[in-house]
A.B. asks: 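Provided herewith is a single structure, encoded as structure tokens, for subsequent inquiry.
Within every chain, numbering begins at 1; the chains are lettered A, B, ... in the order of the sequence lines, protein sequences first and strands thereafter. A quick note: this is a predicted structure, and the numbers were derived from the prediction, not measured.
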Amino acid sequence: MKIYNSLSRTIEDFKPIDENLVKMYTCGPTVYNYAHLGNLRMYIHEDILEKSLRYLGYNVKRVMNITDVGHLESDADDGEDKMLKGAKRENKTVWEIAQYYTDAFFADIDKLNIKMPDVVAKATDYIDDYIIFIKGLEEKGYTYVANGNVYFDITKAKNYTKLSGLDLDTLRVASREDVEYDIHKKNPQDFVLWFTKSKFENQAMKWDSPWGIGYPGWHIECSVISLKNLGEQMDIHCGGVDHIPVHHTNEIAQTESYTGKDWVKYWWHGEFLIDNDGKMSKSSGEFLTLSLLIKKGYNPLTYRYFVLNSHYRKQLSFSFDSIASAENAYNKLKSRIKNIKDNAQGNIGENTEAYKQYKSDFESCLEDDLNTANAITVLFDLLKTDKINNNEKLSLIEDFDKVLSLDLLKEEETKEVHEDLTAYIEEMIEKRQEAKKNKDFQLADQIRAKLLEEGIVLEDTRQGVNWKKIN
RNA sequence: GACAGCAUAGCCAAGAGGAAAGGCAAAAGUCUGCAAAACUUUUGUUCACUGGUUCAAACCCAGUUGCUAUCUCCA
């Protein structure tokens with residue numbers, strides 16, 4: 001398998017540290033609001049990465065954190081903690097907010113057929129471990145205390161910019177107007193490991209520590225949770241590209257300073273979903289959620305299909321036109337598969353050349369840095385071919401769907417239709433058939449139109465008349 | 001200012017040196033009394049622009065333009 005490594009900026013052969021277990025860490029959601037479609041895009045691609053590895057025969061242990069510690073409001077930096085802001089907005093405690101949005105996150109994940117990570121860790125469950133970690137860094141001389149906060153001194157870290165490739169001397173200080181220069185820092189890039197004092201005084205979650213009552217810094221949780229659950233070294237660390245310059249850079253600095261070892265072998269970064277206004281952001285007021293798509297009548301798996309038609313390292317532009325087109329494509333795909341299912345015949349000859357060829361084509365796409373768009377093309381080629389029979393097709397579709405997870409073989413749940421209605425519909429169909437036999441096409445069309453008005457669609461096939469309820 | 005990425009048909013989007021994948025939309029055909037569905041076919045003389053390297057460039061190099069993201073507390 002080949003995979004792009006942000007650390008080397010090249011596509012590399014994937015070789016896990018331990019052949020028997022791939023250790024994978026994925027930055028999880030902040031739970032002060034719903035996940036937006038851009039966040040969910042990342043989780044879909046991470047899911048594909050995990051499932052591809054499993055499909056290709058690896059064992060995987062995947063860890064994800066849930067950030068339920070408060071975060072300061074950033075884009076509109078009015079000094080309120082994000083968690084607290086959410087709580088005020090909805091008249092709940094910060095803890096209730098965290099729980100509510102954690103549940104909402106997992107509901108979204110489930111609708112998108114994203115597998116639950118093997119370990120899901122809440123940031124607030126690891127406070128004691130952060131303290132041990134910070135103490136360790138303190139003993140080794142990587143930290144200093146200023147104005148009540150514990151800072152990490154980046155000049156002590158080995159190769160601080162190895163992931164970002166940034167030249168620190170040329171970086172602009174406080175380039176964003178809403179960020180103030182912190183006069184207590186020795187170096188502009190130093191970051192806080194433990195806060196006891198903040199310019200924001202209304203942090204709602206606080207814990208006792210050797211440095212006073214306060215709360216952990218923003219980069220600690222990923223480092224500590226991964227050390228606890230995956231050990232001192234791991235194979236793949238995932239996240240969004242926006243985390244490269246600060247979050248992941250700082251994670252590396254503190255973790256490698258602590259353990260004295262190289263930490264992550266492959267850094268995997270996903271690109272953004274872009275809408276007309278640019279990057280989707282949680283803090284910029286209105287944003288697109290999965291619930292919104294569902295409310296507009298889209299199948300959540302349409303969104304998964306939409307995402308898989310693009311590559312994880314490329315920006316993807318979102319629009320409702322694209323989603324509508326994806327919904328069309330997805331429905332057509334499913335109905336073609338259903339057709340194959342209804343006409344299934346032939347022995348499953350898993351050893352035929354053609355069968356093996358399709359399977360290996362599909363695998364090659366995944367092995368090629370997770371080229372899901374081409375993997376879907378293999379699926380379409382498969383539907384069209386006459387080289388293999390329908391049962392073999394179904395067997396391959398089932399196999400591909402282990403990774404794609406698009407419910408390709410699952411039949412739509414037929415809407416509950418009352419027995420009386422069923423009887424009525426069948427009677428009407430009978431009448432229409434009768435009319436057709438008598439060449440009274442006007443009456444036949446009238447019956448069809450009337451049923452359509454009542455939400456019943458008729459399809460004439462060679463096997464007879466099919467009907468389904470819509471709306 | 002710095003750092004990075006992207007630019008392929010009406011739309012979405014693969015391809016990363018040797019004859020432009022796929023999907024949606026549109027059009028035509030087969031089948032149907034007509035529809036629908038399904039199936040078949042058509043739709044870019046060319047990959048933002050300008051130069052260069054090469055027998056050969058959408059793919060490599062340089063420059064230009066446009067877009068996107070990141071730069072001390074925006075997991």
A.B. asks: List the atom pairs, donor and acceptor, that lie under 3.5 Å between side-chain atoms in residues 41-49 of chain A and the rest of the protein, sequence neighbours left out.
C.D. replies:
unit_1, atom_1, unit_2, atom_2, d
A/R41, NH1, A/E271, O, 3.3
A/R41, NH1, A/F272, O, 2.8
A/R41, NH1, A/K314, O, 3.0
A/R41, NH2, A/S310, OG, 3.4
A/R41, NH2, A/H311, O, 2.9
A/R41, NH2, A/K314, O, 2.7
A/Y43, OH, A/G28, O, 3.4
A/E46, OE1, A/R62, NH2, 3.4
A/D47, OD1, A/K51, NZ, 3.4
A/D47, OD1, A/K115, N, 2.9
A/D47, OD2, A/K51, NZ, 2.9
A/D47, OD2, A/R304, NH1, 3.1
A/D47, OD2, A/R304, NH2, 2.9

A.B. asks: Quick one: does A/N438's side chain have a donor or acceptor within less than 3.5 Å of a partner on A/D440's backbone?
C.D. replies: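 Absent.
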A.B. asks: Please confirm whether the shortest side-chain N or O distance from A/R336 to OP1 or OP2 of B/A37 is below 4.0 Å.
C.D. replies: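 For B/A37, OP1/OP2 do not have a side-chain N/O of A/R336 under 4.0 Å.
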A.B. asks: So what is the 5' to 3' dot-bracket string for RNA chain B, if pairs are Watson-Crick or G-U wobble with both distances under 3.5 Å, crossing pairs use [ ] and | means the partner sits on another strand?
C.D. replies: ((.(((((.[[[..)..(...]]].(((((.......))))).....[[[[[..)....]]]]])))).))....
A.B. asks: Is any NZ, NE, NH1 or NH2 atom of the basic residue among A/K162 and A/E256 found under 4.0 Å from an Asp or Glu carboxylate oxygen of the other?
C.D. replies: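 Salt bridge: yes.
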A.B. asks: Strictly below 4.0 Å, heavy-atom distances to any atom of RNA chain B: list the hits from residues 360-377 of chain A, or just say none.
C.D. replies: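 Those residues are A/N371, A/N374, A/T377.
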A.B. asks: Tell me which one of A/P117, A/P29, A/S226, A/C222 satisfies side chain to side chain contact (heavy atoms under 4.5 Å, CB included) with A/N65.
C.D. replies: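 Of A/P117, A/P29, A/S226, A/C222, side chain to side chain contact (heavy atoms under 4.5 Å, CB included) with A/N65 is met by A/C222 alone.
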A.B. asks: Between A/S317 and B/C67, does any side-chain N or O lie under 4.0 Å from OP1 or OP2?
C.D. replies: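 False: A/S317 side-chain N/O out of range (4.0 Å or more) of B/C67 OP1/OP2.
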A.B. asks: Does NZ or CZ of A/K186 lie under 6.0 Å from the centre of the six-membered ring of A/Y144, at an angle within 45° of the ring axis?
C.D. replies: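 Satisfied, under 6.0 Å and within 45°.
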A.B. asks: Base, sugar-phosphate, or nothing: which does A/R9 touch, judged by heavy atoms less than 4.0 Å apart?
C.D. replies: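 Touches sugar-phosphate only.
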A.B. asks: Classify the nucleic acid contact of A/L379 as base, sugar-phosphate or nothing, counting any heavy atom under 4.0 Å across all strands shown.
C.D. replies: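 Nothing, no heavy atom under 4.0 Å.
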A.B. asks: When you measure from the side chain of A/F272, which nucleotide among B/G33, B/A69, B/A25 comes out closest?
C.D. replies: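 Nearest to the side chain of A/F272 among the choices is B/A69.
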